[in-house]
Undergrad: 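The structure's right below; bear with me while I get my questions together.
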Amino acid sequence: MPTIDELAAFCKRKGFVYPTAEIYGGLSGFFDFGPLGAELKSNIKKEWWKFHVHQRDDIVGMDGSIITNPKVWDASGHTAHFEDLMLTCSKCGQKVRADQFLEQALKMQAEGLTAEEVNGLVKKHKLTCPSCKSAFREVQPFNLMFSTMVGPKEDSSAKAYLRPETAQLMFADFKLVADNARMKLPFGIAQMGKAFRNEISPRDFLFRSREFEQMELEFFINPKDPKCPFLDEVKEHILLVCSEEMQKKGDAPKKMSVADALRKGVIKAEWHAYWLAVEHQWFISLGANPERFRIRQHVQKERSHYASETWDLEYEFPFGWKELLGMANRADFDMQQHMKSSKKDLSLFDEETKQKVIPHVVAEPSLGVERAFLVFLFDAYTDDKERGNIVLKLSPKLAPIKVGVFSLVNKLNEEAKKVYDLIRNDIFCTFDTGGSIGRRYARADEQGIPYCVTIDFDTLKDKAVTVRDRDTTKQVRIKISELKSYLLAKC
Ligand code: ATP
C-alpha cells in the first residue's frame, strides 16, 4: 500500500486530485478534482445512490439546501456544541486540535476529553508547541461551522451557516418527504452533497478536509417495533468487531458473524447490526478488500449525549485505523429537537394502533465521499514490478474511463476511430494514439481503464479487434459487431 503522500502525488500526476488553485499556493483543506477524479467521485456517488435508493423500496432521496434557516442548527445543537478543543501556542500562535495532538503525543484515545482533562494532560506531560516548543495557552473550544451572511444586510439577523453535515434537513423536511412519497415505517431518507467544516488541523490529504461530500441515510423506525425484517440477508456476514469492552480490556478485535454479535449482545439493535453489515458489503461489492475493515464501538467518552449506541465502520489506512462512516442510534433526539424548536408536529399516524408515532432513527450511516474515494484508490493501487508501472485495479463500475481504443500503428487510426465512434455513446472511452502500444497500455493501467481495444492489420480482414484485460493482461479476439455488447456486459 502506498503512503498517503505517495497516493496524493499519484493523484496529482494522473489528474485525480490537485490542491485547490495551486498556482496561487492552494488553500489548506481544499482540493480540486481533475478529469479522472471527477469521474471516479461521480461513479462512487452513483453507485451509492443506486444501492441505497434505487434498488430499495424502503428508501427515498432528497436534496436539501446547503445554506438553510440557522434555526435548524440551533435545534440540532450545532450552534452551541459543534466544536473541537483547540490548543494555541503562547509564542508563535500555532493552533492544533487538542485530541489529535494528544493522540499523537501520548498514543492514547483522546476523543471526548473535557477541557479540564486536556489542560491536565498538557501540564502533566509538559507538552509544548510542535513548531517552536513554547508553552500552550489554556485549551479553548472552536466551533467548526463556516458562517456567512445572507443578503446585503450585515447584522446578526443575516447570519447563516454552510451546512456541516447533510443530515439535518432529512429531519426538518421529514413530514413532507414521508407524506409525498407515501412512506410507511420503517423507511429511510437518503441524501448526498457538500458539507463544510472549518477543521482546526486538516490533514492526511482528502481524509480530513474543510470542504467534502457526504452520503447519508437516516433510517426511521417505529420504536414499538424494533425488529429488522432483513436480518436473514446479513446474519452470516462476518465483521471484525472492536467493542467498547474489548477496548477497555485492551483485547484484540474479533471476527464475528452478525448473528453472533447480536446473540452475544455486542451489538444491541438489529437494525444497527444490519446497516453495519450492509455498508461493509457495499464497499466489498465495489472491489474493496474486506480484510481492511472493522467496526469499532464508541467508548462512553466519545459518544454523543443523545446516542445510546454508536459504531464506526473503520478502514486500515497507512496512517492507522480511521473512521469511514459513523453510525449512531439517535432515537428520537433530532425529531424531538425540531418539533420543540419549530413548534410543528412531525409525527406520523400509525394506522394499526390509530396513534401518532414519533419515529426513531436507529441507524444513520453517514459516509464521506472522499474517504470512500481514498479506500477504493488504496485498494486498487498495485505497484506491478513486472510491468514496471502502477496498475489501478478499480472495479469497472468505478473506473473513471471504461475502455481505451488504440490503433496498433498510426496507419490504422482511421479504422480505430470508427470503432471508437461505434461505442463511445454507450461506454465512456478514450481514443489514444500517443506513443508505442506498450506505452499506451501502461498509461491505461495507471488510469484504471479496465479494457483496452486494439485495432491491428488483421482487423481489416477479420473485422475483429483485440480486447486486453487490465488485471490479467489476457487478450481475446472479439468481432466488431459484438464488441459493444461484450464491453457493456463487462463494465
Ligand atoms: P472525525 O471523528 O473523523 O472528525 P466525525 O465523527 O466528526 O469524523 P461525522 O460527523 O460522523 O464525522 O461525519 C460523517 C462522515 O463524514 C465521517 O465518517 C467521514 O466519512 C466524513 N467526514 C467528516 N468530517 C470530514 C472531513 N473533515 N473531511 C472528510 N470527510 C469527513
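What you are looking at is a predicted structure, and each value in this text was computed from that prediction instead of being measured.
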Undergrad: Step through the shown structure and confirm whether more than 12 heavy atoms of other residues, nucleotides or ligands are within 6.0 Å of CZ on Arg182.
TA: no
Undergrad: Hey, is NZ on Lys184 packed in by over 12 heavy atoms from elsewhere, all under 6.0 Å?
TA: no
Undergrad: Please report the shortest heavy-atom distance between Pro164 and Phe212, naming the atom on each side.
TA: O-CZ, 4.5 Å
Undergrad: Does any donor atom in the side chain of Glu216 or Thr166 lie under 3.5 Å from an acceptor atom in the other side chain?
TA: yes
Undergrad: So does Met246 get a backbone contact from the side chain of Ser243, meaning a donor-acceptor N/O pair under 3.5 Å?
TA: yes
Undergrad: So which heavy atom on Leu392 is nearest to which on Arg470, and how close?
TA: O-NH1, 3.1 Å
Undergrad: What distance do Ser76 atom OG and Phe171 atom CZ have between them, rounded to the nearest 0.5 Å?
TA: 9.5 Å
Undergrad: Step through the shown structure and confirm whether more than 12 heavy atoms of other residues, nucleotides or ligands are within 6.0 Å of NZ on Lys322.
TA: yes
Undergrad: Would you say NZ of Lys12 has more than 12 non-hydrogen atoms from neighbouring residues, nucleotides or ligands within 6.0 angstrom?
TA: no
Undergrad: Test salt bridge (charged side-chain N to carboxylate O under 4.0 Å, His left out) on Lys385 and Asp383 and set out the steps.
TA: CA-CA 6 Å; Lys385 299 284 181 230; Asp383 190 356; 2.8 Å; yes
Undergrad: Could you please spell out the steps behind the salt bridge (charged side-chain N to carboxylate O under 4.0 Å, His left out) verdict for Asp456 and Arg477?
TA: CA-CA 11 Å; Asp456 53 27; Arg477 202 81 188 152; 3.0 Å; yes
Undergrad: Have a look at Asp445 and tell me which of Arg439, Arg468, Lys14 forms a salt bridge (Lys or Arg N to Asp or Glu O under 4.0 Å) with it.
TA: Arg468
Undergrad: Regarding Thr454 and Tyr441, do their side chains bring together a donor and an acceptor under 3.5 Å, going by distance alone?
TA: yes
Undergrad: Would you mind telling me which of Val72, Val177, Ile66 makes a side chain to side chain contact (heavy atoms under 4.5 Å, CB included) with Leu169?
TA: Val72
Undergrad: Indicate yes or no for a side-chain donor-acceptor contact from Glu316 to the backbone of Arg292 under 3.5 Å, with no hydrogens or angles considered.
TA: no
Undergrad: For Gln104, I'd like to know if atom CD has over 12 heavy atoms of other residues, nucleotides or ligands within 6.0 Å.
TA: no
Undergrad: Among Glu211, Gln214, Lys41, which one satisfies side chain to side chain contact (heavy atoms under 4.5 Å, CB included) with Glu370?
TA: Lys41
Undergrad: Please answer whether the main-chain N or O of Ser28 pairs with a side-chain N or O of Arg210 as donor and acceptor at a distance below 3.5 Å.
TA: yes
Undergrad: By the side-chain hydrogen bond (donor to acceptor under 3.5 Å, both in side chains) test, which pairs, at least two apart or in different chains, include something from residues 391-408?
TA: Ser407-Asn413
Undergrad: So, Asp458 side chain and Ala464 main chain: donor-acceptor pair closer than 3.5 Å or not?
TA: no
Undergrad: So, the side chain of Glu39 versus the backbone of Leu36: is there a donor-acceptor pair under 3.5 Å, distance only?
TA: no
Undergrad: Just wondering, are more than 12 heavy atoms of other shown residues or ligands nearer than 6.0 Å to CD in Gln55?
TA: yes
Undergrad: Judged by atom type as modelled, is there a donor-acceptor pair below 3.5 Å linking the side chain of Arg371 to the main-chain atoms of Leu325?
TA: no
Undergrad: May I ask you to check whether over 12 heavy atoms, not counting those of Asp57, lie within 6.0 Å of atom CG?
TA: no
Undergrad: Any side-chain donor paired with an acceptor under 3.5 Å for Asp379 and Tyr315?
TA: yes
Undergrad: Tell me whether Arg296 forms a cation-pi arrangement with Trp321, defined as NZ or CZ under 6.0 Å from the six-membered ring centre and within 45 degrees of its axis.
TA: no
Undergrad: How far apart are the closest heavy atoms of Pro318 and Pro2, and which atoms are they?
TA: CG-O, 3.4 Å
Undergrad: For residues Trp311 and Glu309, report the shortest heavy-atom separation together with the two atoms involved.
TA: NE1-OE2, 2.9 Å
Undergrad: Tell me if a side-chain donor or acceptor on Thr310 pairs with a main-chain N or O of Arg303 at a distance below 3.5 Å.
TA: no
Undergrad: Begin with the C-alpha distance, continue with both residues' side-chain angles, and end with the deciding distance and a verdict on side-chain contact (heavy atoms from CB on, under 4.5 Å) for Phe187 and Leu348.
TA: CA-CA 12 Å; Phe187 73 88; Leu348 294 180; 4.0 Å; yes
Undergrad: Determine yes or no for a side-chain-to-main-chain donor-acceptor pair under 3.5 angstrom, with Arg443 supplying the side chain and Gly434 the backbone.
TA: yes
Undergrad: Taking Glu270 for its side chain and Lys227 for its backbone only, find out whether a donor-acceptor pair lies under 3.5 Å.
TA: no
Undergrad: Under a 3.5 Å cutoff, is there a donor and acceptor pairing between the side chains of His298 and Glu111?
TA: no
Undergrad: Can any side-chain N or O of Asn143 pair as donor or acceptor with the backbone N or O of His78 at less than 3.5 Å?
TA: yes
Undergrad: Please tell me whether Tyr486 and Tyr451 form a close aromatic pair, meaning their ring centres lie under 6.0 Å apart.
TA: no
